[in-house]
Amino acid sequence: MHGELVPVGGGDPVPLVRTRLVVGRREGCDILLEFGNVSSRHCELTLIDGYWQVNDLGSSNGTKVNGVKVKRSWVLPGEELGIAKHRFLVEYDPPAGSQPPPPLDTAEDLQMSLLEKAGLARPERRPQPAPQSPKPRPGAAGNPPPGRPTTPEDEAFRWLQSDDE
């Protein structure tokens, strides 16, 4: 056994028996939490170098460590893991003489607002712009203005910018 999740407020501890565990409401999950506010595949716990890391799997109601909403985070011994509205103390013994793992700086966490991290706001739907190729401007190198004939330099510049091999 690699530790356990101890429900805050009482209940039977959940043993952490493998080094990778999926937590969720779906039957095939390693740790089954049959509550309506827990996503079918809510989060994943992974033991890395003796420390547990949690990764939210796109859950509807979020995953928190010590009350802070996270996408991915270390969960150190004695810290609180929140899965939707359910809270657990994570109890385990890290390797003797080991240093705590380095902080995780993920681009997703850096884009999340403080209100989102605290669970007080829904995630913003940030539109992802479709990549577009730049449109040639008249007068730019390789694109003479209308009425001016192209020069060999214009043709060479256009050839260098083309994707053809």
Side-chain angles (χ1 to χ4, degrees), residues 1-135 161-165:
M1 187 167 78
H2 303 286
E4 57 188 10
L5 300 178
V6 180
V8 173
D12 294 331
V14 179
L16 303 174
V17 294
R18 297 193 336 216
T19 58
R20 182 182 166 275
L21 300 159
V22 175
V23 180
R25 193 176 71 230
R26 184 183 293 166
E27 282 291 323
C29 291
D30 302 301
I31 298 175
L32 187 63
L33 298 177
E34 298 180 280
F35 300 101
N37 60 355
V38 174
S39 295
S40 58
R41 288 176 43 90
H42 197 96
C43 64
E44 179 179 73
L45 291 167
T46 308
L47 189 65
I48 301 171
D49 295 330
Y51 289 92
W52 284 101
Q53 185 181 99
V54 65
N55 290 296
D56 186 88
L57 298 175
S59 66
S60 298
N61 292 310
T63 302
K64 295 181 180 181
V65 174
N66 296 326
V68 177
K69 191 171 186 179
V70 297
K71 295 284 185 190
R72 182 173 67 138
S73 178
W74 295 108
V75 187
L76 300 178
E79 290 190 324
E80 185 180 279
L81 175 64
I83 300 169
K85 299 286 182 190
H86 310 280
R87 298 177 306 145
F88 301 88
L89 289 179
V90 181
E91 300 293 340
Y92 66 99
D93 294 320
S98 65
Q99 295 294 319
L104 297 172
D105 289 328
T106 65
E108 292 169 337
D109 282 342
L110 294 175
Q111 290 177 356
M112 189 182 297
S113 75
L114 291 176
L115 289 174
E116 286 176 68
K117 282 188 176 190
L120 299 173
R122 291 182 180 243
E124 290 180 28
R125 299 282 184 220
R126 295 176 180 91
Q128 299 296 323
Q132 296 179 350
S133 57
K135 294 190 168 127
Q161 286 187 320
S162 72
D163 292 334
D164 300 332
E165 293 191 20

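Nearest heavy atoms, Glu79 versus Val65: OE1-CG1, 3.8 Å. When every heavy atom of His42 is checked against every heavy atom of Ile83, the shortest pair comes out as CD2-CG2, 3.4 Å. The heavy-atom pair separating Tyr92 from Leu76 by the smallest distance is OH-CA, 3.5 Å. Taking all atoms of both residues into account, the shortest heavy-atom contact from Met1 to Pro15 is SD-CB, 3.4 Å. Pairing each heavy atom of Tyr51 with each of Pro95, the nearest pair is CE1-CD, 4.4 Å. The two residues Cys29 and Ser40 come nearest to each other via the heavy atoms SG-O, 3.2 Å.
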Full working for side-chain contact (heavy atoms from CB on, under 4.5 Å) between Thr46 and Thr19:
CA-CA 6 Å; Thr46 308; Thr19 58; over 6 Å; no

Hey, mind stepping through Glu44 and Leu57 against side-chain contact (heavy atoms from CB on, under 4.5 Å) and telling me if it holds?
CA-CA 7 Å; Glu44 179 179 73; Leu57 298 175; 4.3 Å; yes

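Under a 3.5 Å cut-off, the side chain of Arg25 and the backbone N or O of Val38 do form a donor-acceptor pair. Side-chain atoms of His2 never come within 3.5 Å of backbone atoms of Asp93 as a donor-acceptor pair (strictly under, hydrogens ignored). Within the 3.5 Å criterion, the main-chain N or O of Val22 finds a donor-acceptor partner in the side chain of Asp30. Distance alone, capped at 3.5 Å, places no donor-acceptor pair between the Asp56 side chain and the Cys43 backbone.
The CZ atom of Phe88 sits 5.0 Å away from atom CG of Leu33, with the distance rounded to the nearest 0.5 Å. Residue Asn66 holds its CG atom at 11.0 Å from CZ of Arg87, rounded to the nearest 0.5 Å. If you take CG on Leu47 and CG on Leu16, they are separated by 8.5 Å, rounding to the nearest 0.5 Å. For the atom pair Leu21 CG and Trp52 CH2, the distance stands at 5.0 Å (nearest 0.5 Å). Between Lys85 atom NZ and Lys64 atom NZ the span is 6.0 Å, to the nearest 0.5 Å.
Considering Val54, Leu81, Leu45, Val6 as possible partners of Val90, the one that fulfils the side chain to side chain contact (heavy atoms under 4.5 Å, CB included) test is Leu81.
With no hydrogens or angles considered, a side-chain donor-acceptor pair links Asn37 and His86 at under 3.5 Å.
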